[in-house]
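Here the structure is laid out as structure tokens; the discussion comes afterwards.
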Amino acid sequence: MARISASVYTSHVPAIGAAMDLGKTQEPYWQPVFAGYEPSRRWLAENRPDVIFLVYNDHATAFSLEVIPTFAIGTAAEYAVADEGWGPRPVPRVIGHPELASHIAQSVIQSDFDLTIVNRMDVDHGLTVPLSLMCGAQDPQTGAWPCPVIPFAVNVVQYPVPSGNRCFQLGRAIRRAVESYDQPLNVQIWGTGGMSHQLQGPRAGLINREWDNRFLDRLIADPQGLAQVPHIEYVREAGSEGIELVMWLIARGAMSDIDGSGRAPQVRHRFYHVPASNTAVGHLILENA
Ligand code: DHB
Ligand code: FE
């Protein structure tokens, strides 16, 4: 059977992708950000999954105000890298895993979660920046990401957005789905976006280090309690775009301690840094015990 071995959490700041693509990673502004991901790249090289289930949000790239799925699962064989206005990032296309994705869709929908099935979707910085941070630079023509990726898009852009608790419960259903797949695949689940940031209005530039670090503490040790945090607290404390953090609860809900079957996950890496563009960068790697 397939199993989820670990979860990875990381911000997706688009300027991080640009810094990599333009060769600026060693500049004083960016060097500390990338230094924080060096252990992660080593860890991923040593703990290479067969598939990454990557929870992210689309930024009006694949979807628009015409169609707004709350939860969308990519079931395609491959995904093109989106043109976000400055041209597509020079990174490899993303190879999917249609068989596992279809199985997860079947299982999760039959567990009463409403997913939109997407057979064609371009992926933006929400998905490619976490891959770049964790895997390092890849040549767009000759390079490749280390394994197939199942993109799972969550609407955190256009209201109404899903609650943290809904995301957490969905993560539990995703774990059951993965564990009922009849192939011995090692699956990692990644939760991305955040941490505190606000890009608009009078509070643009808002960062809340204290709240972010408490979020990291609770994600590790009190995920059920953290899942009860209401939407308004994210917006008030972490800024309007801080709501991206509910996606981390999907990955956390998929860890094996949640349903009482396993021990607390091991923290393999924790990193927090301000500033990166307008965003606080947060990052965590949790391995199932
Ligand atoms: C920034 C952060 C985001 O999450 C995003 O989607 C776009 C921009 C930023 O920090 O600039
Ligand atoms: Fe974003």
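For ligands, and for the atoms within them, numbers begin at 1 and follow the listed sequence. Numbers here simply count residues along the sequence, with the first being 1.
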R89/D83 under salt bridge (charged side-chain N to carboxylate O under 4.0 Å, His left out): CA gap, chis, key distance, verdict: CA-CA 7 Å; R89 287 192 60 215; D83 183 337; over 6 Å; no
side-chain hydrogen bond (donor to acceptor under 3.5 Å, both in side chains) between H12 and T128, intermediate numbers included: CA-CA 8 Å; H12 67 212; T128 64; over 6 Å; no
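- Compare S277, G126, G205 by their heavy atoms: the one nearest to atom 11 (O) of ligand 1 is in S277.
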Trace of the salt bridge (charged side-chain N to carboxylate O under 4.0 Å, His left out) decision for R3 with D50: CA-CA 10 Å; R3 71 193 167 88; D50 298 310; over 6 Å; no
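- Checking H125 against the Fe ion (ligand 2), every N/O/S atom stays at or beyond the 2.8 Å cut-off.
- Under 2.8 Å from the Fe ion (ligand 2) lies no N/O/S atom of E241, from backbone or side chain alike.
- When NE2 of H59 and OE2 of E244 are joined through the Fe ion (ligand 2), the resulting angle is 100° to the nearest 10°.
- The Fe ion (ligand 2) lies at 2.8 Å or more from every N, O or S atom belonging to H197.
- Residue contacts with ligand 1, taken as heavy atom pairs separated by less than 4.0 Å, do not involve E241 at all.
- Between Y159 and H231, the ring centre distance stays below 6.0 Å.
- Nearest protein heavy-atom neighbour of atom 3 (C) of ligand 1: H197 NE2, 3.4 Å.
- Between R175 and D259 there is a salt bridge, since a side-chain N of the basic residue sits under 4.0 Å from a carboxylate O of the acidic one.
- Residue E244 approaches ligand 1 through these ligand atoms, each under 4.0 Å from one of its heavy atoms: 4 (O).
- Proximity of a side-chain donor or acceptor of S132 to a complementary backbone N or O of G17 within less than 3.5 Å is not detected.
- Protein heavy atom at the shortest distance from atom 6 (O) of ligand 1 is H59 NE2, 2.7 Å.
- Looking at atom 2 (C) of ligand 1, its nearest protein heavy atom turns out to be T279 OG1, 3.3 Å.
- Considering each of A60, S11, P14, the one bringing a non-hydrogen atom nearest atom 8 (C) of ligand 1 is P14.
- With respect to S196, the side chain to side chain donor-acceptor pair (under 3.5 Å) criterion is satisfied by exactly one of D212, T279, N208: D212.
- At most 12 heavy atoms of other shown residues, nucleotides or ligands fall within 6.0 angstrom of atom CZ in R120.
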